[in-house]
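We name chains A, B, ... by the order of the sequence lines, and we start the count at 1 in each one.
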Amino acid sequence: MTDDTTPMTDGGTDEEARTDGGPPATVPPDDETPTWSERKERSQGLAQLTYQYFERSRREDEDLRTESTYVERDVLGFPTWPHETIRNLAITSFFLGIMLLVASIMPGHFGDPANPGSTPAIILPDWYLYWSFGLLKLDPINPDLAVLGGNIVMSNELLGLIAHGAIFGVITLVPFLNKGNARRPVEEPGWAALGVAGVILAITLAVLAIQNFFPVPLELLFSLVFMLPVAGGVITYAVLKTMREGYMYDLNRRYYMLRPPK
Amino acid sequence: MSLKKQDDMDHNAWLKSQDLTAIETAFLTTLIWLDKRLRIVDYLELLETMYYRANLQMPKSHTEQYDLDNKFWYWYPLYSLGSLSIIAYLLAAVSGALLGFYYAPSTAGAAAQGDPTAAYDSMVMIMTDVQFGFMLRSIHRWSAQFMVAAVFLHMLRVYFTGAYKEPREVNWILGVVLIALTLLFGFSGYVLPWKQLSFWAAQIGVELALATPIIGEWAAQLLFGGFTLGQATLVRMYILHVFVLPFVVTALIAIHVGIVWVQGIAEPH
């Protein structure tokens, strides 16, 4: 064993030539190390657990079904033929007819061929991406988000992208944030207000995207883009809160009549 | 345990004890022979289970139970928006397949900047020379518009009736993915005619992709085939529009509807 600081042929020391101090590649089995049969048992145990869980959930289902107060039908549901089929055919042909009608009376405008050399005065996607396009025009608020002496932290495009991500993120998270059995907007005025605000925001963002068509000062338009959704949300909340009393009274009465308390 | 062959069920003896016709004997022999090898009985049980599932005595639905039929049917149009988007999707698929016979995804043929390219010319050809072509393109375009509109309204309906709640979170997320893909469908289709608006919409797409940190340049390469628009962009958008997205979106719609089928429609209170 040489001294640690003894120079080696490549100029380093013996210390560097060693491994990084980790454990040796093979670990001798000790009391804690599971044997192969134990490992096998454990994996079978998982399967066992899964099986037991499924049994339990099946039992749970069955219990719920037997305890249920639902009245079993004596007919087998709404007949697929002819009732459901005819209804679906009617709806389908109605929609198809509407689409063909609209397509025949309003064929699309076809513009000039692409010219990479001349940027048109108005660049627009199809109407359903206006909101997205509007999100790319948030540059007036970009400097406000700056922290470093007025220099913008991110490009305007990146700001738009982050706004997209935020919107999609919030929409995705909705079912995890709003739980419970409420199904009507009146039952949850806050969430209904949020939804209305979202819809209005989509519309105002679309208007922001086609700002050229609106003879409104940009400052005012930009304020309206964010004020109108808030206003819409507040109004919705107020209206629903007011309606709620009457609605809930009606609902409770109906539920009470149908399902008197035990 | 002995190594002697066990045969709990002596099927052959049972067969002999029965008074069977030749056809029955042949059938049963074949069946037993197959069943010993393929265990058909399991699949028969599966079929049986499915039969009873399909013909289950359903409990009364929520609407029936609480006599909400009038309410439900009043709002029914809002409950057919998902169906409308599928119908529009199918119409777009059919008309799109027909358009695909005539469309050429190529930027060739432009002598100078701003001249019509092969893609643009093929669109003009579809609209002026092809029998029914003008209508065909119009149908394709409008069915796409209808699909997007229906998908948006469908989402609103689901939101405002709280249909995304507890057991249906996964389907909500799937729906969000489907909306994003529908928009991508629309965007890629918008680029294909290689009009001024198509080109500059794609230009914004490239700029957006490039503005993304870390994966930006990679995304621009993947989706637009480079940092400047050209033949590669058009072909990528074309393949995305007619090959990748149709498969992905169709599969996701199938799963989406399948989950609705399994979980049932969330009826309003």
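Counting heavy atoms from C-beta on, the side chains of A:Tyr128 and B:Thr182 never come closer than 4.5 Å. Residues B:Trp142 and A:Met99 have side chains not in contact (no heavy-atom distance under 4.5 Å, counting atoms from C-beta outward). A heavy-atom distance below 4.5 Å is found between the side chains of B:Trp200 and A:Thr119.
For chain A, the nearby part of B:Ile204 is the side chain; its heavy atoms alone come within less than 4.5 Å. Using a 4.5 Å cut-off between heavy atoms, A:Leu194 touches chain B through backbone and side chain atoms alike. Heavy-atom distances place both the backbone and the side chain of B:Phe160 under 4.5 Å from chain A. With a threshold of 4.5 angstrom between heavy atoms, B:Thr212 approaches chain A through its backbone and through its side chain. With a 4.5 Å cut-off on non-hydrogen atoms, B:Leu208 touches chain A through its backbone and its side chain both. Contacts of B:Leu156 with chain A are made by side-chain atoms alone, with heavy-atom separations under 4.5 Å and no backbone atom involved. Looking at A:Phe94, neither its backbone nor its side chain comes within 4.5 Å of chain B, counting heavy atoms on both sides. If you measure heavy-atom distances from B:Asp115 to chain A, the contacts under 4.5 Å come from the backbone alone. For chain A, the nearby parts of B:Gln145 are the backbone and the side chain; heavy atoms of each come within less than 4.5 Å. Both the backbone and the side chain of B:Ala149 come within less than 4.5 Å of a heavy atom of chain A. Heavy-atom distances place the side chain of A:Trp127, and not its backbone, under 4.5 Å from chain B. At a 4.5 Å heavy-atom cutoff, the contact between A:Val199 and chain B is made by side-chain atoms alone. A:Leu129 touches chain B through its side chain: at least one heavy atom from C-beta onward sits under 4.5 Å away, while N, CA, C and O do not. At a 4.5 Å heavy-atom cutoff, B:Ala119 makes no contact with chain A through either its backbone or its side chain. Contacts of B:Phe187 with chain A are made by both backbone and side-chain atoms, with heavy-atom separations under 4.5 Å.
A donor-acceptor pair under 3.5 Å is formed between the side chain of B:Lys165 and the backbone N or O of A:Ala182. A donor-acceptor pair is defined here as one N or O able to donate and one able to accept, closer than 3.5 Å; no such pair exists between the side chain of B:Gln196 and the backbone of A:Pro116.
Here the CG-OG1 distance, from B:Leu91 to A:Thr92, works out to 11.5 Å after rounding to the nearest 0.5 Å. Note that the CD1 atom of A:Ile171 and the CD1 atom of B:Ile173 stand 12.0 Å from one another [nearest 0.5 Å]. To the nearest 0.5 Å, atom OG1 of residue A:Thr172 and atom CG of residue B:Leu174 are 11.5 Å apart.
Scanning all heavy atoms of the two residues, the minimum distance from A:Pro113 to B:Gly114 falls at CG-O, 3.4 Å. Scanning both residues, A:Phe95 and B:Ile87, for their nearest heavy atoms gives CD1-CD1, 4.0 Å. Residue B:Val176 comes nearest to A:Phe168 through the heavy atom pair CG1-CD2, 3.6 Å, listed as atom of the first residue, atom of the second, then distance. Contact detail for A:His109 and B:Lys195: the closest heavy-atom pair is O-NZ, 4.0 Å. The two residues A:Ala114 and B:Phe199 come nearest to each other via the heavy atoms CB-CB, 3.6 Å. Between A:Ser104 and B:Ser138, the closest heavy-atom pair is N-OG, 4.5 Å.
Of the listed residues (B:Met135, B:Glu207, B:Arg141), the greatest number of heavy-atom pairs within a distance under 4.5 Å of chain A belongs to B:Met135. Highest contact tally toward chain A, considering only B:His140, B:Met123, B:Met155, is held by B:Met123 [criterion: heavy-atom pairs under 4.5 Å]. Options B:Pro116, B:Ala201, B:Ala163 differ in how many heavy-atom pairs under 4.5 Å they form with chain A, and the most are formed by B:Pro116.
With a 6.0 Å radius and a threshold of 12 heavy atoms from other residues, nucleotides or ligands, A:Ile105 has its CD1 atom above the threshold.
For an aromatic pair to be called close, the ring centres must be under 6.0 Å apart, and B:Tyr120 with A:Phe110 satisfies this.
Every residue meeting the ring pair (Phe, Tyr, Trp, His ring centres under 6.0 Å) condition with B:Tyr164, not counting sequence neighbours, appears here in chain and number order: B:Tyr159, B:Trp172.
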